[in-house]
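So the structure is just underneath, and the comments pick up after that.
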Amino acid sequence: MRMRNKPGAEDELKKNPHVIFGPEDHNNPSGHWHHIFNNSNPIHLEIGTGKGKFIMDMAELYPEINFIAIEKIEEVLLFPARFAVKNQQENLMLIYGNAQFIDEYFSFSEVERIYINFPDPWLKKKHYKRRLTHHRFLERYKKFLQIKGEIHFKTDNLELFNFSLEELPQHGFEIKNFTYDLHNSKFFKNNVITGYEQRWIDQGKQICRLVGVWTGK
Ligand SMILES: C[S@@+](CC[C@H](N)C(=O)[O-])C[C@H]1O[C@@H](n2cnc3c(N)ncnc32)[C@H](O)[C@@H]1O
């Protein structure tokens, strides 16, 4: 389901050449991403980008990577969408849609890495299946993530983090590394701070991070 709040936002997104509407708009990019980017560079995907600080910074820092971000709220997606046009950021594409259908946007082995940054923790047990690291989502990711491809996950929520540390290995992902205090860890070196991460840093919260590698099983 798409969230419509800001008048004119959808029209603006539809006119933006960096934004993909689909697959239900018959504009399905699955299997065509390298054609869309006009190169064969690796594809990295962020799920739930919000106002897109992370993906905008990453696209600028790593021009040799193709970045795609999905977001279901149109008014926040306007930020990276406007940035991509203004900056002529050819290695950045955005999907206006719901990650529930993420596997419909990509074909087998099309994505090298997935970033999940500060997703909603869904703390009630009956809502666990909505967690972006729940096995229902992991099974979708496996349909298009390369073998040895990685999930990079950050959260401030300890319960969601511990859940994910158990959930990934049970569903074919090896934990390559993890920390409960990213900003004081050896993994901090190349960390790119997201919009929500900055909020939590300002409040003195610790950030948890893990990297999971898909074993192909
Ligand atoms: C808490 S915000 C974090 C935003 C950003 N990743 C950051 O770290 O600053 C979570 C974002 O994920 C988006 N989101 C949550 N579930 C989603 C889904 N199923 N499909 C697409 N976007 C989703 C929300 O709309 C929201 O913008």
Side-chain angles (χ1 to χ4, degrees), residues 1-6 9-10 13 18-25 29-30 44-61 67-84 92-106 111 113-124 126-141 143-144 151-161 163-164 167 182-183 187-188 190-203 205-211:
M1 187 183 61
R2 288 176 175 162
M3 312 287 281
R4 296 192 170 93
N5 292 314
K6 194 173 174 169
E10 185 172 336
L13 289 176
H18 291 263
V19 179
I20 297 279
F21 277 66
E24 68 270 37
D25 288 341
S30 170
H44 292 188
L45 166 71
E46 187 191 15
I47 301 181
T49 194
K51 289 186 180 174
K53 179 188 177 299
F54 175 81
I55 209 73
M56 294 188 287
D57 288 349
M58 292 293 279
E60 280 194 310
L61 276 170
F67 290 97
I68 303 169
I70 183 165
E71 171 56 54
K72 66 178 180 181
I73 299 180
E74 57 186 19
E75 62 192 78
V76 292
L77 194 64
L78 281 175
F79 287 86
R82 287 174 180 164
F83 164 89
L92 177 58
M93 289 296 292
L94 305 157
I95 298 172
Y96 173 42
N98 195 317
Q100 259 189 306
F101 309 107
I102 192 69
D103 50 317
E104 295 181 24
Y105 293 91
F106 299 95
V111 171
R113 185 177 295 178
I114 296 173
Y115 290 101
I116 304 172
N117 294 318
F118 302 89
D120 307 322
W122 296 111
L123 293 175
K124 288 185 184 159
K126 65 176 180 185
H127 291 150
Y128 282 4
K129 59 182 182 294
R130 298 184 189 174
R131 292 176 164 177
L132 294 179
T133 51
H134 186 276
H135 63 266
R136 281 208 326 183
F137 278 94
L138 298 179
E139 294 306 326
R140 290 176 189 137
Y141 305 154
K143 292 185 189 167
F144 58 82
I151 295 181
H152 290 219
F153 172 58
K154 291 196 276 190
T155 181
D156 59 298
N157 188 286
L158 210 53
E159 195 187 321
L160 173 64
F161 190 65
F163 167 89
S164 308
E167 190 80 345
L182 173 62
H183 289 246
F187 304 120
F188 184 64
N190 295 319
N191 185 53
V192 170
I193 293 173
T194 82
Y196 268 71
E197 188 169 359
Q198 189 59 55
R199 283 193 201 180
W200 303 133
I201 297 167
D202 295 345
Q203 291 179 22
K205 272 192 159 188
Q206 285 187 10
I207 306 301
C208 305
R209 177 184 186 259
L210 70 78
V211 175

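In listed order, ligands and their atoms are each counted from 1. Positions are given from 1 along the sequence. Basis for what follows: all heavy atoms, side chains included, without hydrogens, waters or symmetry-related copies. The structure presented is a predicted model; accordingly, all values stated were derived computationally and were not measured.
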Distance-only, no hydrogens or angles: does the [X] side chain make a donor-acceptor pair with backbone N or O of [Y] under 3.5 Å?
| X | Y | answer |
| --- | --- | --- |
| H183 | I207 | no |
| N157 | E159 | yes |
| R140 | Q100 | yes |
| K53 | I193 | yes |

Nearest to atom 19 (N) of ligand 1 by heavy atom, D120, L132, N98: which?
N98
Among K51, K72, E74, E75, whose heavy atom sits nearest atom 21 (C) of ligand 1?
K72
Which of the numbered atoms in ligand 1 are under 4.0 angstrom from any heavy atom belonging to [X]?
| X | answer |
| --- | --- |
| A99 | 18 (C), 19 (N), 20 (N), 21 (C) |
| G97 | 20 (N), 21 (C) |
| N117 | 3 (C), 5 (C), 6 (N), 8 (O) |
| G195 | 9 (O) |
| E46 | 6 (N) |
| I73 | 25 (O) |
| T194 | 7 (C), 8 (O), 9 (O) |

Does ligand 1 have an atom under 4.0 Å from some heavy atom of [X]?
| X | value |
| --- | --- |
| E71 | yes |
| G52 | no |
| K53 | no |

Any N or O of G48 that comes nearer than 3.5 Å to an N or O of ligand 1?
yes
is_close_aromatic(F118, Y196), centroid dist under 6.0 Å:
no
Closest non-hydrogen protein atom to atom 1 (C) of ligand 1, residue and atom name please, with distance?
F118 O, 3.1 Å
Students should be able to answer this: which protein heavy-atom is nearest to atom 2 (S) of ligand 1, and at what distance?
Y196 CE1, 3.5 Å
Are more than 12 heavy atoms from other residues, nucleotides or ligands located less than 6.0 Å from atom NZ of K51?
no
Take a 6.0 Å sphere around OH of Y128 and say whether it holds more than 12 heavy atoms from other residues, nucleotides or ligands.
yes
Is the F137 ring parallel, tilted or perpendicular to the Y141 ring (thresholds 30°, 60°)?
tilted
So H134 and F163, would you call those rings parallel, tilted or perpendicular, with 30° and 60° as cut-offs?
parallel
Side chains of N191 and E197, donor plus acceptor under 3.5 Å
yes
